[in-house]
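Below you'll find the structure, written out as structure tokens, and then a few comments.
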Amino acid sequence: MTKVAVTSEGPNMQDMVDPRFGRAGGFVVVDPETMEHEYVDNGQSQAMAHGAGIQAAQTIADSGAKVLLTGFVGPKAFEALKAVGIKVIQNLDNMSVEQAVQRYKSGDVQYAQQPNK
Amino acid sequence: MLISIASGKGGTGKTTVSASLTTVWDGPVTAVDLDVEEPNLHLFLNPWIASEDKVYLNVPEVDESLCTLCRECSSLCQFKAINVMGSAILTFPEMCHGCGGCMAICPEKAISWGRRELGTLSTGKSGFNDFLMGRLRVGEAMSPPLMRAVKERLVKNLDHRGGDAIIDAPPGVSCPAVCAVMDTDFILLVTEPTPFGLHDFKLALEAFVPFNKPVAAVINRSGLGDAGVERFCSEQGIPVLAHIPFDRDIAGAYSRGKVIAELSPELRSVFVQLARSIKEMGAGGRDA
């Protein structure tokens, strides 16, 4: 099944979803079927003055995830994610990574058509 | 001599001073508005604009048939203006600073120059003086490349016509302000005698003193506030070359787009004296 990347404030499933995309602490990349997961640090784009969202999109693309669960995505990052065919689900802040993935699995989500930041 | 009129903060009266100095300057002078994000010197000098040219910045264009997705360009670019995303190469022209690094490093020579519009460069005349102005395109974030284009035109103009230049610099102490003052011969800081004025004046000095050029101050709205700026200037050895009084008539004239040096003989002599002091200090070298 397609892997999903979740912006997170820490490396575990119980950590909170980071509402920011570009400057998220990191990404938990999850296989929703098995709930196996790995953590990808986003330090590289946190250190950038500009283009953090674009760098983060590149990191997600490299992780092999095809869906992104997050809080807010800016216009340039959105364009970059779209170009690589990564679907975006926004407004999933205020919950843990695990809850976000459960929400995604339940189907109670909408794919974003445009950036919300 | 190139004189930049700068300040640590906006609203101190750079444009007032620039316009008045230009008007009273003895000898040929080119007035330059380098506050390209919001130029307003023309509102006072009412120049006749002879030409308006678009200014472009070179940005990369990728020939995808040649690109092997090696990522050399994207790892070089500090602004993420060019990126490899999975099996696609993407450019973000509005992030590009136009350094050309991606083109130089590309092993496949897949990158060529496209361009994006930065803004316009206007040239004209105000009375007998030449006038130059840059205006950044709405939505464009990078002013220094446009400012460089204006400065190149200024250098050409001065080579051709001679004389001095009075440059209205952008407010603040970040890239645009530094870009405006860095290759001038004299920095005139306009400040106001308030704690805010003093705070930003200190920042401006910190930013501009390393260029090792003569620096002097003009106190605008003199009579308002306190003596902090004055005291600081005398401690630091920064000459205060002029005081412009805090005066309702000046504010009124400014709001109607009048050059305040033309308001009264007293004000005119303030600026004539200022122009003279600048010339003396400029000729005297780096005693600031």
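Residue numbers start from 1 in every chain, and the chains themselves are labelled A, B, ... in the order their sequence lines are given, proteins ahead of strands. Heavy-atom basis, side chains included; hydrogens, waters and symmetry copies ignored. These numbers come from a predicted model, not from an experiment.
Considering all non-hydrogen atoms of both residues, B:Leu90 and A:Ala83 come closest at CD1-CB, 3.5 Å.
The part of B:Phe92 that comes within reach of chain A is its side chain, from C-beta onward, which places non-hydrogen atoms under 4.5 angstrom from that chain.
Among residues two or more places apart in sequence or in another chain, the ring-ring contact (aromatic ring centres under 6.0 Å, His included) test is passed with B:Phe44 by B:Tyr254.
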Can you check whether chain A and chain B share any donor-acceptor pairs under 3.5 Å, and give the atom names and distances if they do?
| residue | atom | partner | partner atom | Å |
| --- | --- | --- | --- | --- |
| B:Arg71 | NH1 | A:Asp62 | OD2 | 3.0 |
| B:Arg71 | NH2 | A:Asp62 | OD1 | 2.7 |
| B:Lys80 | NZ | A:Gln55 | OE1 | 2.8 |
| B:Lys80 | NZ | A:Gln58 | OE1 | 3.0 |
| B:Val84 | O | A:Gln58 | NE2 | 2.6 |

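For the atom pair A:Leu81 CG and B:Met85 CE, the distance stands at 7.5 Å (nearest 0.5 Å).
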